[in-house]
Amino acid sequence: MSSILFSALLLLLLHQPLSAAANLHSKKSLFRSQPIFEPTLLLETPPTTYFEVTKPIPFPKTKPFSKLILQHDFAYTYGKPPVLSHYTPPPNFHSQKFSKIVLEWTATSKGRQFDRIFGVWLGGVEILRSCTAEPRATGIIWTVKKDITRYYSLLKSNQTLAVYLGNIVDSKYTGVYHVNVTFHFYPVEENSYVESDKGFGLGADLILPISRNEKLNDGLWFEIENSTNVESKEFEIPRNVYRAVLEVYVSFHENDEFWYGNFPNEYISANNLTGLQGNGPFREVVVKLDDLVIGAVWPFTVIYTGGVNPLLWRPISGIGSFDLPTYDIEVTPFLGLILDGKTHKFEFGVTNALNVWYIDANLHLWLDKKSERTQGKLLKYNASPLSLSLLSKFTGFDGNFVTNVSRSIRSSGYVKSSHGVIKTKSIQEFKYSNVMALGNEGNLQVLDQVIHFNGRVKTKMPSSSLESTKSLKKFRIHLDSNSVDKGNGTYYSVANVTLGLDEKLKKTSDFGIFTSKIKNLQNGHGNMLLKGNLVVSRLGSTQQKYRYSGGKSCYFRNVRSSNYTILHDEESNTCT
Ligand SMILES: *[C@@H]1O[C@H](CO)[C@@H](O)[C@H](O)[C@H]1NC(C)=O
Ligand SMILES: *[C@@H]1O[C@H](CO)[C@@H](O)[C@H](O)[C@H]1NC(C)=O
Ligand SMILES: *[C@@H]1O[C@H](CO)[C@@H](O)[C@H](O)[C@H]1NC(C)=O
Ligand SMILES: *[C@@H]1O[C@H](CO)[C@@H](O)[C@H](O)[C@H]1NC(C)=O
Ligand SMILES: *[C@@H]1O[C@H](CO)[C@@H](O)[C@H](O)[C@H]1NC(C)=O
Ligand SMILES: *[C@@H]1O[C@H](CO)[C@@H](O)[C@H](O)[C@H]1NC(C)=O
Ligand SMILES: *[C@@H]1O[C@H](CO)[C@@H](O)[C@H](O)[C@H]1NC(C)=O
Ligand SMILES: *[C@@H]1O[C@H](CO)[C@@H](O)[C@H](O)[C@H]1NC(C)=O
C-alpha cells in the first residue's frame with residue numbers, strides 16, 4: 001500500500017507464472033491492497049458514496065462555527081513534504097466554550113488508484129490516521145468525521161496543520177484525491193451536562209507531539225522496518241504535571257499489511273518460499289519510557305480499502321479503515337521518573353516486525369494550576385515477559401499452526417500536587433491466539449485470530465472516592481481463502497473475511513457510573529476469476545452489524561452490500 005515499490009511488486013508478482021509455489025506468492029499478493037481495473041462503466045453513473053459504519057457523533061444543538069482549514073488536490077505527492085496550512089482558532093475561542101469540536105475530511109476522486117494511508121497533524125500532534133477509498137471511473141466521494149474535542153488545548157492557539165498522503169499519479173493510476181479538511185466548533189449548550197466529560201474525562205492542558213519533526217518528505221510518523229528497529233523521541237514535561245496519558249497511533253503496511261496471516265519462518269525455509277511474508281502472525285508494539293516498558297499495543301487488524309478483495313469494501317469500508325483506532329497508555333504512575341525538568345525519551349519497537357509500521361504518539365498532560373511543582377514516585381512496576389506457545393506441524397505446503405501469547409504490564413505510583421496525593425494504578429493485560437491452517441498445496445489458508453485486552457486505571461484522590469476506568473476489548477479476525485485451478489490457465493479465488501471489534505468501557509467516579517458497549521461485526525465474501533494474469537470477474541459482498549449503547553444513548557445499524565450496491569440498510573437509535 002502507498003508506495004512505488006508496492007505497485008511495482010504487485011505487477012511483478014502478477015506476471016509470474018501460476019505454478020503451485022508461485023501461485024502461493026501471487027495469491028498472497030492478491031490479498032494486498034490493490035486497485036480495480038473496471039472495464040466499461042456508464043459515464044452517467046453518479047459518484048459512489050463510500051462510508052464506514054460507526055455511531056454518529058452526538059452534536060450539541062448549537063450552531064457550529066465551521067472553518068475550511070485545508071483544500072488540496074493530492075496528485076503526485078509521494079516522497080514530497082506534507083501539505084501545510086495555517087490554523088487559527090475561531091475569533092471568540094477564549095470567551096466562548098465549545099463542547100464539541102469535529103474534524104471533517106471530505107474527498108472525491110475519479111479514475112483508478114491504490115488505497116493510500118494518510119495522517120493529519122496539528123502542531124505535530126496526530127489527530128487522524130486514515131486510509132483513502134479507492135476511486136472508480138465514475139467517481140467517488142467519502143466523508144470522515146472525527147470528534148477532536150480531546151485536542152481542545154491544542155486548538156486554542158495558532159498551529160500548523162500538516163497532511164501527508166503519498167499518492168502517485170501516472171497514465172495507469174489516474175486517481176487524484178481532492179480533499180477538504182474542515183473543523184466544526186459547537187458552542188456549549190446552556191445548562192448542558194455531558195455525561196462522559198465529568199472528572200478526569202476533561203481534555204489535557206497540554207499535548208506534546210511524540211512524532212518526527214525533522215524536515216520531511218514523508219509523514220510525521222516513525223517507520224519501524226524490522227524487529228530490531230527502534231525509533232525514539234526526546235521530550236521534556238513541565239514540572240507541575242499531575243496526570244499523563246500517551247495516545248499511540250499505529251498502522252501496518254507492505255510486508256506486514258496482513259501480519260496476522262504471515263507464515264512461520266520454518267515453513268518458508270522448508271518449502272523454499274523466500275518471497276513469502278514471514279516472522280509468523282504475532283505482532284506487538286512496545287512502548288518504552290527511558291528503557292522501561294511502560295505499555296504495549298496489540299493492534300486491531302484494520303484492512304485497508306484495497307485489501308483481500310477491494311469489492312468487499314465498496315461502498316462499506318472496513319472497520320477502522322477511515323479512522324484508525326488509537327491506543328491509550330497511562331503514564332501517570334511513571335511521572336515521578338520524569339518530573340525533574342530533564343530530557344527523557346519514548347521509544348517504539350514492534351516485536352517480529354517486517355517492513356513497515358508507521359507509529360507515533362501524543363503525550364496528553366494535565367497541569368496543576370495552583371502549583372509550580374508536583375512530585376511523584378513510582379511505587380510498583382512489573383512487566384511480565386511475553387509468554388509464547390507455538391504449535392507448528394506441516395508436511396510440504398500443508399500444515400497447522402497455533403500461536404498463543406500473553407503478557408501483562410502493571411504499575412502504580414503517586415503524584416503530590418495541590419489536589420493532595422493522587423495514587424494511580426494501571427494494569428494492561430493481553431491475550432492472543434492465532435490458529436492457522438494451510439491446505440490444498442498451500443493455496444488454502446484459514447486463520448482465526450483473537451486478541452483480548454483488559455485495561456484498568458484506578459485513581460485515588462484525597463478529596464474523592466476511588467475513580468476507575470475499566471476497558472475491555474476483543475479484536476477478532478477470521479480469514480478463509482482458497483484458490484482453485486479451473487484448467488486452461490484459469491483460477492478461481494475465494495476469500496471470506498470476518499472482522500469483529502467489541503469494546504466495553506466502565507467509568508466509576510463520585511459522579512456515578514458510566515458504561516458503554518460497542519459490538520461491531522463485518523462478514524465479507526469475495527471471489528475472483530483470473531485468466532492468465534487478468535482478473536476476468538470479481539464479486540464482493542459485505543454485511544455489517546453495529547450496536548452501541550452508552551449512558552442513555554444507543555445506536556444500531558445493520559447494512560449489507562454486494563458489488564457497490566446497498567441491498568439492505570436498517571438504522572435505529574432507540575435503546576431496547
Ligand atoms: C471543498 O470546498 C470548496 C469550497 O467550499 C468546494 O467548492 C469543493 O467542492 C469542496 N470539495 C470537496 C471535495 O468537498
Ligand atoms: C495567529 O495567526 C493570525 C493569522 O495569521 C495572526 O493574525 C495572529 O497574530 C496569530 N496569533 C498569534 C498569537 O501568533
Ligand atoms: C533493521 O532496520 C534498521 C533501520 O532501518 C537497520 O538499520 C537495521 O540494519 C535493520 N536490521 C536488520 C537485521 O535488517
Ligand atoms: C530447497 O532448495 C534447496 C537448495 O536449492 C534444495 O536442496 C531443496 O531440495 C529445496 N527444497 C524444496 C522442498 O524444494
Ligand atoms: C491456545 O489458546 C486457545 C484459546 O485460548 C486454546 O484453546 C488452545 O488450547 C491453546 N493452544 C496452545 C497450543 O497453547
Ligand atoms: C480449454 O481450452 C480448450 C482450447 O481452447 C478448449 O477446447 C477446452 O474446452 C477448454 N477447457 C475448459 C475446461 O474450459
Ligand atoms: C465463503 O462464504 C460463502 C458465503 O457465505 C460460503 O458459501 C463459502 O463456503 C465460504 N467459502 C469458504 C472458502 O469458506
Ligand atoms: C460486479 O461489478 C463489476 C464492476 O461493476 C462487474 O463487472 C461485475 O459484472 C459485477 N458482478 C456481479 C456478479 O454483479
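We count residues from 1, following the sequence as given. As the structure lists them, so they are numbered: ligands from 1, and atoms in each ligand from 1.
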- Decide yes or no on ring pair (Phe, Tyr, Trp, His ring centres under 6.0 Å) for His253 and Tyr358, but give the supporting numbers first. CA-CA 8 Å; His253 308 282; Tyr358 294 161; 4.6 Å; yes

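Remark: ligand 5 atoms within the under-4.0 Å shell around heavy atoms of Ser389 are 12 (C), 14 (O). Close contacts of ligand 3 with Asn229, meaning ligand atoms under 4.0 Å from a residue heavy atom, involve 2 (O), 4 (C).
Close placement of the Tyr87 and Phe183 rings is indicated, their centers lying within 6.0 Å of each other.
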Side-chain donor-acceptor pairs of residues 60-70 under 3.5 Å, sequence neighbours excluded:
residue	atom	partner	partner atom	Å
Thr62	OG1	Pro187	O	2.6
Ser66	OG	His184	ND1	2.6
Lys67	NZ	Thr88	O	2.9
Lys67	NZ	Thr88	OG1	2.7

Donor-acceptor pairs under 3.5 Å, side chain of residues 383-394 to any protein atom, not counting sequence neighbours: which ones?
residue	atom	partner	partner atom	Å
Ser384	OG	Ser408	N	2.9
Ser384	OG	Ser408	O	3.2
Ser392	OG	Glu266	OE2	2.9

Donor-acceptor pairs under 3.5 angstrom involving side-chain atoms of residues 346-353: please list them, not counting sequence neighbours.
residue	atom	partner	partner atom	Å
Thr351	OG1	Glu284	OE1	3.4
Asn352	ND2	Phe282	O	3.0

For a distance cut-off of 3.5 Å, show me each N or O of ligand 1 paired with any protein N or O, plus the separation.
residue	atom	partner	partner atom	Å
ligand 1	2 (O)	Asn180	ND2	2.2
ligand 1	11 (N)	Asn180	ND2	3.0
ligand 1	14 (O)	Asn180	ND2	3.3

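Atom OG1 in Thr174 sits 6.0 Å away from atom CZ in Arg112 (nearest 0.5 Å).
Taking the ring centre of Tyr304 as origin, the terminal cationic atom of Arg116 falls outside the region bounded by 6.0 Å and 45° from the ring axis.
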